[in-house]
Amino acid sequence: MLLNATANDLALIAVMRRYFQLKDESNALKGRLEAARKDAGDEIGRFYDPRTNVPHAEDLLAWHRLRKEMEELMSLAASWGRGASIEGCAVAAAAIGVDGWPDAHVTVE
């Protein structure tokens with residue numbers, strides 16, 4: 001079977017690849033933070049406030065940045081699902097690189 005993928009479809013693939021990469025990073029970071037919180041015996045609210053938890057502030061802010069980017073990516077995927085073009089998004093542009101999109105003809109057996 002031969003499937004034709006549009007540039008917009010390939011953009012969705014790039015968006016979702018980035019989303020799952022960030023999800024793995026976010027989960028790993030959250031796991032490390034939660035282990036540190038339990039070791040310290042801190043309350044959740046206090047530990048996860050970067051203003052009161054200076055030793056872990058950088059990681060806490062990084063976790064928030066990861067989550068924000070994941071939300072933006074999911075918003076792009078939702079837009080694609082409603083028929084919008086996401087080809088021009090930064091994630092798709094990064095996936096395209098200098099050589100353009102790879103061959104959009106995909107064979108599925």
Side-chain (Asp9) to main-chain (Thr6) donor-acceptor, under 3.5 angstrom:
yes
Is Val54 reachable from Phe47 through a run of hydrophobic residues whose side-chain heavy atoms are each under 4.5 Å from the next?
no
Closest heavy-atom contact between Ile86 and Asn8?
N-OD1, 2.6 Å
Please report the interatomic distance CH2(Trp80) to CG(Leu76), rounded to the nearest 0.5 Å.
12.5 Å
When rounded to the nearest 0.5 angstrom, what is the spacing between NE2 in His64 and CG in Asp59?
11.0 Å
Charged N to carboxylate O under 4.0 angstrom, Lys30 versus Glu34?
no
Side-chain donor-acceptor contact under 3.5 Å, Tyr19 with Glu71
no
Quick check: closest heavy atoms across Met70 and Ser26, and the distance to 0.1 Å?
SD-CB, 4.1 Å
Give, for atom NZ of Lys23 and atom CZ of Arg18, the distance between the pair rounded to the nearest 0.5 Å.
15.0 Å
With distance as the sole test, does Thr52 use its side chain to make a donor-acceptor pair with the main-chain N or O of Arg46 at under 3.5 Å?
yes
Rounded distance (nearest 0.5 Å) linking atom CZ of Arg51 with atom CG of Leu60:
11.5 Å
Please answer: with hydrophobic residues joined when any side-chain heavy atoms are less than 4.5 Å apart, are Met74 and Val91 in the same cluster?
yes
Ser79 side chain to Ser75 main-chain N or O, any donor-acceptor pair under 3.5 Å?
yes
Taking all heavy atoms of Ala11 and all of Glu87, pick out the closest pair and write down the distance.
CB-CA, 3.9 Å
Over all heavy atoms of both residues, which pair between Trp63 and Leu29 is shortest? Give the atoms and the distance, please.
N-CD2, 3.6 Å
For residues His56 and Asn53, is any side-chain donor paired with an opposing acceptor at under 3.5 Å?
yes
Counting distance only, does the side-chain N/O of Asp42 pair as donor-acceptor with the main-chain N or O of Arg37 below 3.5 Å?
no
Give the cluster check for Val15 versus Phe20: same hydrophobic cluster or not, with ILVMFWY residues linked at side-chain heavy-atom distances below 4.5 Å.
yes
Nearest heavy-atom contact between Leu61 and Pro50 is CD2-CG, 3.9 Å
Show the numbers, then the answer: is there a salt bridge (Lys or Arg N to Asp or Glu O under 4.0 Å) between Lys68 and Glu72?
CA-CA 6 Å; Lys68 184 176 189 297; Glu72 292 167 357; 2.8 Å; yes
